[in-house]
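Throughout, protein chains are lettered first and strands after them, A, B, ... in sequence-line order, and every chain is numbered starting at 1.
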Protein chains: 2
Amino acid sequence: MTKQTRSQSVTDQLRELVLQGTFNPGERLYEIALAERMGVSRTPVRDALNTLKIEGLLDYETQRGYGVREFGTHDIVAAYEARAALEGLACRLAAENGLTKDDLAILERCVSDGDSLLSSGKLLPENLNLYRQMNVDFHETILRASGARILADLVRQTHNIPFASNRIMVWDDYQIIHRSHDDHHRIFEAIAHQQSKRAEALMQEHVFFAGQVLKKHIEAKARIAEEPGERG
Amino acid sequence: MTKQTRSQSVTDQLRELVLQGTFNPGERLYEIALAERMGVSRTPVRDALNTLKIEGLLDYETQRGYGVREFGTHDIVAAYEARAALEGLACRLAAENGLTKDDLAILERCVSDGDSLLSSGKLLPENLNLYRQMNVDFHETILRASGARILADLVRQTHNIPFASNRIMVWDDYQIIHRSHDDHHRIFEAIAHQQSKRAEALMQEHVFFAGQVLKKHIEAKARIAEEPGERG
DNA sequence: GACTCCCCAAATGTATACATGAAGGCGAGT
DNA sequence: ACTCGCCTTCATGTATACATTTGGGGAGTC
């Protein structure tokens with residue numbers, strides 16, 4: 001990891017805090033309080049707040065400061081739908097342009113690495129990070145291969161929603177992970193054979209499905225959390 | 001227009017300068033020089049540079065400052081394709097949810113205003129701003145009606161590319177404008193009748209077509225600009 | 001007792017001083 | 001004369017002092 005400035009470091013820390021739900025929705029964030037908490041001056045904190053505002057994680061009003069933006073299931077689903085459309089598009093462009101040998105090799109490696117990690121019939125907890133990294137690599141390689149940096153930028157935006165990050169997945173169902181990795185197989189095949197339309201459709205479904213899984217997961221969790229109160 | 005801070009004002013000015021091509025691609029932007037030029041201190045300038053970096057207009061390297069990002073025809077086309085996908089999605093969601101009476105009324109108004117402006121068989125120069133505003137209203141209303149703020153955010157991003165703004169259009173061909181407004185008619189109809197799939201397809205084509213027109217326009221201009229040099 | 005107006009406190013906006021790092025030129029040594 | 005390394009210079013990164021605005025609380029009046 002290359003050296004980074006305090007502004008960048010604070011931005012990353014604060015983004016992580018917000019994405020992890022450390023703050024309550026709507027909670028106001030004070031520059032001075034954050035600066036003291038992080039052990040820096042207001043300057044890097046202001047940079048970070050400004051950045052997260054543009055990324056869409058914070059609300060802002062002139063002379064009134066920043067607040068944590070509220071996100072509902074609806075927003076998460078919309079983010080996944082947007083991501084599905086964008087990554088589908090990137091996938092099609094990549095297939096149309098044709099990949100470099102290097103990029104093709106990376107994708108092939110991702111697919112075979114995934115096969116290994118899943119070969120035992122389950123995903124071992126110690127392999128979770130490896131699988132996650134493989135998944136990120138797969139998607140980022142395709143975005144890069146699309147040749148359109150703006151698509152990568154837009155997709156990055158769609159990750160900036162609590163629960164919607166590509167690093168957060170539903171891991172408790174081997175069947176779902178297996179099916180997801182099966183999608184990777186077919187996407188790779190479609191790209192390699194320049195079946196651009198098929199590649200687009202597969203990627204759209206791949207991402208959309210992940211969104212649906214996450215949605216059900218969140219709703220189930222919310223139901224459980226509410227039950228004790230509903231009994232009274 | 002509500003009062004805004006210097007940071008916001010400088011950001012808007014600088015964004016406009018970059019979008020209008022005031023700086024050469026790759027040109028470096030110095031904080032101090034900009035601050036003097038704009039008559040403010042480095043603080044608002046730094047805010048602005050940070051903002052435009054995240055919006056994707058500037059490149060940045062730690063301890064090395066900011067530079068104007070280069071955009072090619074390829075980027076512009078990709079931006080339009082992304083916008084087509086996103087606005088198509090928003091249009092479908094809006095049609096599925098159903099619009100409020102107010103939003104429906106706004107769209108209807110946009111359509112009939114456009115009819116008036118084009119009724120003479122051409123678009124008069126003094127009506128150009130009115131038409132442009134109508135067009136912006138139409139698209140923004142649909143984005144709002146989609147109920148997904150993230151879509152509006154993402155679409156805004158796609159405007160942050162030189163030549164790709166929704167405020168820049170190719171105005172010299174009445175036929176094209178007329179066809180574009182005809183799309184609005186049909187999109188309105190599809191939304192009003194909750195024909196969500198049709199609404200999505202129409203909007204996708206509507207935006208994609210605008211991108212194609214712009215692409216040809218840019219290429220034609222580039223050809224003309226190069227000719228004198230090619231003769232030598 | 002409630003309402004209004006004014007003043008103060010606190011938070012954000014802006015400027016500037018200071019710190020750090022990077023790049024290029026100049027001088028010394030070979 | 002050429003190369004290596006240091007040193008100067010300048011631009012960015014960070015902290016802090018100062019300015020402005022907002023909102024609330026207290027005092028005074030009806």
Residues touching DNA chain C, which here means a heavy atom under 4.0 Å, drawn from residues 35-59 of chain A
R42(A), R46(A)

Donor-acceptor contact present, side-chain T22(A) to main-chain L17(A), <3.5 Å:
yes

Tell me if a side-chain donor or acceptor on N97(B) pairs with a main-chain N or O of L93(B) at a distance below 3.5 Å.
yes

For atom CD of Q4(B) and atom C1' of dG13(C), their distance in whole Å
13 Å

If only side-chain N and O atoms count, and only distance matters, is there a donor-acceptor pair under 3.5 Å linking N129(B) with R132(B)?
yes

Protein-nucleotide distance (E61(A), atom CD; dT21(D), atom P), rounded to Å:
17 Å

Rounded to the nearest Å, what distance is computed from the OH atom of residue Y66(A) to the C1' atom of nucleotide dG13(C)?
10 Å

Within the 4.5 Å heavy-atom criterion, are D12(A) and Q4(A) side-chain neighbours or not?
yes

Between dA15(C) atom P and I32(B) atom CD1, what is the distance in whole Å?
14 Å

Would you call the rings of H206(A) and H139(A) parallel, tilted or perpendicular, where under 30° means parallel and over 60° means perpendicular?
parallel

Measure CD/E31(B) against C1'/dC10(D) and give the value in whole Å, please.
12 Å

For nucleotides 19-22 of chain C, print each protein N/O atom paired with a nucleotide N/O atom at under 3.5 Å, atom names and distance only.
residue : atom : partner : partner atom : Å
dG21(C) : OP1  : K3(A)   : NZ           : 3.1

Y60(B) side chain near dG13(D) phosphate (N/O to OP1/OP2, under 4.0 Å)
yes

Would you call the rings of Y66(B) and Y60(B) parallel, tilted or perpendicular if under 30° counts as parallel and over 60° as perpendicular?
tilted

Which heavy-atom pair separates L99(A) from A145(A) by the least distance, and what is that distance?
CG-CB, 3.8 Å

Determine whether a donor-acceptor pair (N or O, by modelled atom type, separation under 3.5 Å) exists between the side chain of R69(A) and the backbone of G56(A).
yes

